[in-house]
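Single-structure report; data block below.
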Amino acid sequence: AGTSAFRGETPPPPVELVLEAAGPELVDRPQTSFVALHAALALAAAGDLTRLGALRVHCQSSSDLDVRTTVASVCEALLAAGDQRWGDAARLLGEVLPGLPRVGGSAAQREIVEETLLYCLVSDGQADRALALLDGRLDRRSSPLDQRRRNSLVTPQGSRLRV
């Protein structure tokens with residue numbers, strides 16, 4: 001967190017105040033997959049890999065199947081991204097993305113995970129996979145931002161840029 005994979009985009013706002021307001025019980029020991037997913041995303045955005053690693057362990061021992069599998073995998077992917085292991089993070093996020101609707105929340109909230117996948121793909125130089133993801137999103141809905149991102153990955157001759 002803190003930078004953008006695409007030129008001209010600003011980093012996300014700080015989340016430390018949100019984490020503080022939510023409190024350690026909710027962030028570090030969430031009881032539902034919905035809260036656990038959001039805690040993982042907030043900790044990753046804050047760059048707090050230590051707490052994110054502890055949250056992964058908490059999720060792995062949960063009796064809730066979605067927390068134990070889906071959210072724990074998201075934690076693992078976010079830890080990989082935090083270590084700049086972009087390919088590992090992209091692989092894990094790609095695997096977990098189809099199961100996110102079971103965790104709950106809105107499509108916009110789940111799109112945050114998709115945004116992270118896109119960031120990891122671009123950071124890993126996987127322009128073709130990033131383009132495929134952007135094309136799928138553009139097929140679902142129009143987005144000047146996604147169109148601009150797509151254009152930045154393709155040269156005027158239609159070949160892929162090395163990102």
Side-chain angles (χ1 to χ4, degrees), residues 1-6 9-127 129-134 136-137 140-141 143 145-146 149 163:
T3 62
S4 176
F6 294 93
E9 292 184 22
T10 59
V15 298
E16 288 78 11
L17 292 176
V18 174
L19 288 168
E20 187 178 313
E25 183 65 29
L26 195 61
V27 175
D28 298 325
R29 294 172 297 284
Q31 298 304 307
T32 68
S33 58
F34 177 82
V35 174
L37 176 64
H38 289 80
L41 293 169
L43 290 169
D48 193 337
L49 300 184
T50 301
R51 282 177 78 188
L52 182 58
L55 177 61
R56 178 191 58 196
V57 170
H58 170 79
C59 290
Q60 290 170 331
S61 65
S62 175
S63 61
D64 181 313
L65 179 63
D66 290 325
V67 173
R68 195 171 59 251
T69 58
T70 304
V71 182
S73 293
V74 169
C75 289
E76 183 64 34
L78 295 172
L79 287 164
D83 290 337
Q84 298 184 358
R85 292 182 290 115
W86 306 119
D88 292 339
R91 179 185 51 76
L92 287 163
L93 290 171
E95 291 171 1
V96 78
L97 204 54
L100 282 181
R102 289 190 316 271
V103 173
S106 69
Q109 291 165 323
R110 289 188 300 273
E111 195 165 289
I112 294 169
V113 175
E114 197 173 75
E115 282 286 312
T116 306
L117 172 57
L118 181 61
Y119 181 89
C120 292
L121 291 170
V122 171
S123 297
D124 196 48
Q126 296 185 47
R129 286 191 61 205
L131 284 167
L133 180 60
L134 287 166
R137 287 164 52 141
R140 289 193 312 258
R141 44 74 177 143
S143 166
L145 175 62
D146 280 352
R149 288 172 167 176
V163 291

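- Under the 4.0 Å criterion applied to side-chain N and carboxylate O atoms, R149 and E115 are assigned as salt-bridge partners.
- What you find for Q31 and R29 is that their closest heavy atoms are NE2-O, 2.9 Å.
- Other residues, nucleotides and ligands contribute over 12 non-hydrogen atoms within 6.0 Å of the CG atom of L65.
- Heavy-atom minimum distance, A72 versus R56: O-CG, 4.0 Å.
- Atom CG of L121 sits about 12.5 Å away from atom CZ of R91, to the nearest 0.5 Å.
- Atom CG of L41 is separated from atom CG of L78 by 6.0 Å, given to the nearest 0.5 angstrom.
- Between R110 and E114 there is no salt bridge, since none of the side-chain N atoms of the basic residue sits less than 4.0 Å from a carboxylate O of the acidic one.
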side-chain contact (heavy atoms from CB on, under 4.5 Å), that's the test. Do L37 and V113 meet it? Break it down for me. CA-CA 9 Å; L37 176 64; V113 175; 4.3 Å; yes
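- Enclosure of atom CD in E16 by more than 12 non-hydrogen atoms of other residues, nucleotides or ligands within 6.0 angstrom is indicated.
- Here the side chains of H58 and P30 are in contact, with some heavy-atom distance below 4.5 Å.
- Heavy-atom minimum distance, V27 versus L55: O-CD1, 3.7 Å.
- Applying the salt bridge (Lys or Arg N to Asp or Glu O under 4.0 Å) rule to R102 yields the partners D66; only residues at least two apart in sequence or on another chain are considered.
- Put simply, the side chain of V74 does not reach to within 4.5 Å of the side chain of V103, judged on heavy atoms.
- The SG atom of C120 sits 9.5 Å away from atom CD of Q126, with the distance rounded to the nearest 0.5 Å.
- A90 approaches L117 most closely through the heavy-atom pair O-CD1, 3.4 Å.
- With values rounded to the nearest 0.5 angstrom, L118 atom CG is found 10.0 Å from E111 atom CD.
- Atom CG in L49 sits 9.5 Å away from atom CG in L43 (nearest 0.5 Å).
- The side-chain heavy atoms of V67 and T32, taken from C-beta on, include no pair separated by under 4.5 Å.
- In this structure, CG in L131 is found 12.0 Å from CZ in R129, a value given to the nearest 0.5 Å.
- Scanning all heavy atoms of the two residues, the minimum distance from D88 to A80 falls at CB-CB, 4.1 Å.
- Between V71 and C59, the closest heavy-atom pair is CG1-SG, 3.8 Å.
- Screening residues 42-51 for side chain to side chain donor-acceptor pair (under 3.5 Å) gives D28-R51 as the qualifying pairs, with residues at least two apart or on separate chains.
- No side-chain heavy atom of S33 sits less than 4.5 Å from a side-chain heavy atom of T70.
- E95 has its side chain within reach of L92: a pair of non-hydrogen atoms, C-beta onward, lies under 4.5 Å apart.
- At a threshold of 4.0 Å, the pair R141-D146 counts as salt-bridged, since one of the basic side-chain nitrogens sits closer than that to a carboxylate oxygen.
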